[in-house]
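Take a look at the structure set out below.
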Amino acid sequence: MRLTLATWNINSVRLRIGLVARFLKNEAPDVLCLQETKCRDNEFPLSVFHKLGYGYVALNGQKGYHGVAVASKIPLEAISRRSFCGNGDARHICVTLAPASDAGRGIALHNFYVPAGGDEPDPASNPKFAHKLAFLDEMAAWMASDGLAAFPAILTGDLNIAPFETDVWNHKALLTVVSHTPVEVEKLGGVRAAGPWVDALRHFVPIEERLYTWWSYRAQDWRRSDRGRRLDHIWVSECLKPHLRAARVLRESRGWNQPSDHVPVIAELEV
DNA sequence: ATGGTGGGCCACCCA
């Protein structure tokens with residue numbers, strides 16, 4: 001079967017539930033991973049997802065900040081949530097996808113919202129940046145010890161890092177800007193190597209081609225200035241690499257009414 | 001070089 005998976009930092013799922021519905025009607029992914037839902041689990045607009053055919057929803061929310069969710073047309077099993085850096089932030093949820101045609105163990109799906117890291121790229125003076133680096137270290141160590149990617153697995157979400165030169169509008173200018181500094185790019189590389197994971201978007205889009213998933217709200221005209229960054233990712237385990245069929249960015253949604261500053265990333269696999 | 005715009009929520013924190 002064809003499995004379509006999307007990830008989207010929605011920046012308040014309650015405010016933008018209309019955009020989510022539009023996206024689900026238009027693109028109809030089998031699975032949608034959300035970040036920055038910004039609500040408690042009992043405030044999540046479940047009924048909208050149910051009405052649109054997403055009968056399986058797994059939540060890890062909290063009041064006002066962060067929060068991740070997975071909505072799916074296919075059954076979700078073995079739902080778990082991990083707290084990173086021991087501070088109780090809702091930044092991770094793991095589910096197992098059980099596609100009908102998959103006779104095996106299913107696909108483990110990790111949905112992450114990595115800390116943004118604040119403004120100053122110095123862990124000594126900026127605790128938010130220190131938190132981001134510690135979070136990435138913990139991700140890599142966890143992956144290495146648990147062999148998460150040794151079986152069919154997907155790691156997705158807002159990783160808040162644009163790793164390659166063509167993942168930002170100006171590589172040189174952004175070397176000192178949190179999201180593209182060498183130290184965090186290297187740590188993200190460590191997480192990827194710990195799988196090892198395959199970057200689904202870059203599997204299909206040549207590295208020479210600029211590719212963004214986020215444009216700041218602060219630009220006067222995001223489309224004209226096009227000062228974007230590729231912060232949102234879908235990674236698959238090596239054994240799923242031969243099953244990748246397509247991956248793309250839904251750039252147009254940045255121009256919708258009252259948009260999120262992030263747009264969806266979509267990957268298709270034959271499983 | 002600076003400040004620009006959004007969200008949650010009720011004083012600011014966060015992106």
Side-chain angles (χ1 to χ4, degrees), chain A residues 7-23 33-46 48 59-69 83-92 111-123 125-136 156-163 167-170 172-181 184-185 188 212-233 251-265:
Chain A
T7 182
W8 195 6
N9 179 321
I10 194 61
N11 189 17
S12 175
V13 69
R14 289 178 296 175
L15 186 70
R16 278 180 250 288
I17 188 60
L19 298 189
V20 174
R22 176 176 176 179
F23 171 72
C33 296
L34 294 170
Q35 303 86 34
E36 284 207 90
T37 51
K38 292 189 172 179
C39 63
R40 301 176 182 97
D41 292 351
N42 64 357
E43 299 166 327
F44 191 90
L46 252 192
V48 176
L59 301 173
N60 184 15
Q62 69 180 80
K63 180 182 178 181
Y65 304 104
H66 322 315
V68 291
S83 172
F84 285 76
C85 304
N87 65 359
D89 282 0
R91 295 181 178 274
H92 168 263
N111 179 16
F112 277 96
Y113 176 50
V114 172
D119 290 330
E120 183 62 41
D122 175 9
S125 63
N126 174 10
K128 291 182 196 171
F129 195 63
H131 178 217
K132 183 178 198 175
L133 299 182
F135 194 101
L136 293 163
T156 190
D158 177 4
L159 306 185
N160 262 318
I161 296 170
D167 290 336
V168 294
W169 66 278
N170 184 330
K172 280 189 179 173
L174 290 184
L175 279 171
T176 55
V177 174
V178 170
S179 72
H180 192 62
T181 65
E184 54 191 312
V185 167
L188 187 70
Y212 314 138
T213 66
W214 173 89
W215 292 261
S216 171
Y217 283 126
R218 295 174 186 174
Q220 287 186 0
D221 184 338
W222 72 273
R223 203 187 308 262
R224 199 180 61 80
S225 58
D226 199 22
R227 296 183 166 186
R229 306 176 200 170
R230 188 170 72 104
L231 304 179
D232 304 275
H233 302 271
R251 183 184 163 100
E252 67 189 60
S253 68
R254 185 62 177 79
W256 292 354
N257 244 0
Q258 225 182 354
S260 169
D261 45 355
H262 296 252
V263 300
V265 177

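Each chain gets a letter, A, B and so on, in the order its sequence line appears, and its residues count up from 1. Note that the coordinates shown come from a computational prediction; the quantities given were computed from them, not determined experimentally.
Enclosure of atom CG in N257(A) is not indicated, since only 12 or fewer non-hydrogen atoms of other residues, nucleotides or ligands lie within 6.0 angstrom.
The aromatic rings of W256(A) and W8(A) sit perpendicular to each other, their planes meeting at more than 60°, with 30° as the lower class boundary. Ring geometry, F112(A) versus H92(A): the interplanar angle falls from 30° to 60°, so the pair is classed tilted.
Rounded to the nearest Å, the gap between the P atom of dG3(B) and that of dG7(B) is 22 Å. If you take atom P in dG6(B) and the same atom in dC10(B), they sit 22 Å apart, rounded to whole Å. As rounded to the nearest Å, dA15(B) and dG4(B) have C1' atoms that lie 14 Å from one another.
Remark on DNA chain B: of its neighbouring residues A219(A) and Y65(A), the 5'-side contact belongs to A219(A), judged by nearest-heavy-atom nucleotide. Mapped onto DNA chain B by nearest heavy atom, K63(A) and G118(A) fall at different nucleotides, with K63(A) at the one closer to the 5' end.
Here dC14(B) presents its P atom at 14 Å from CG of N160(A), a figure rounded to the nearest Å. The CG-P distance, from N11(A) to dC13(B), rounds to 19 Å in whole Å. The distance between atom OH of Y113(A) and atom P of dG8(B), rounded to the nearest whole Å, is 13 Å. At whole-Å resolution of the value, CG in L15(A) and C1' in dT5(B) are 14 Å apart. The CG-C1' distance, from N126(A) to dC14(B), rounds to 13 Å in whole Å. Between the CD atom of E43(A) and the P atom of dG7(B) there is a distance of 17 Å, rounded to whole Å. Put simply, CG on D261(A) is 12 Å from P on dG8(B), counting in whole angstrom units.
Considering only side-chain N and O atoms, R91(A) lies under 4.0 angstrom from the phosphate OP1 or OP2 of dA15(B). Contact annotation: Q258(A) side-chain N/O to dG7(B) OP1/OP2 distance is under 4.0 Å.
The partner of dA15(B) is dT5(B), by the rule that a Watson-Crick or G-U pair needs both atom distances under 3.5 Å.
As judged by a 4.0 angstrom heavy-atom cut-off over every strand, R14(A) is placed among residues touching the sugar-phosphate backbone only. Within 4.0 Å of R16(A), counting heavy atoms only, lie sugar-phosphate atoms of the nucleic acid but no base atom. Residue contacts for R254(A): at a heavy-atom cut-off of 4.0 Å it reaches no nucleic acid atom on any strand shown.
Judged by the 6.0 Å and 45° rule, R227(A) forms no cation-pi pair with W215(A).
Considering every non-hydrogen atom in both E184(A) and K132(A), the closest pair reads OE1-NZ, 2.7 Å.
The side chain of Y217(A) approaches dT5(B) more closely than any other nucleotide in the set dT5(B), dA15(B), dG8(B).
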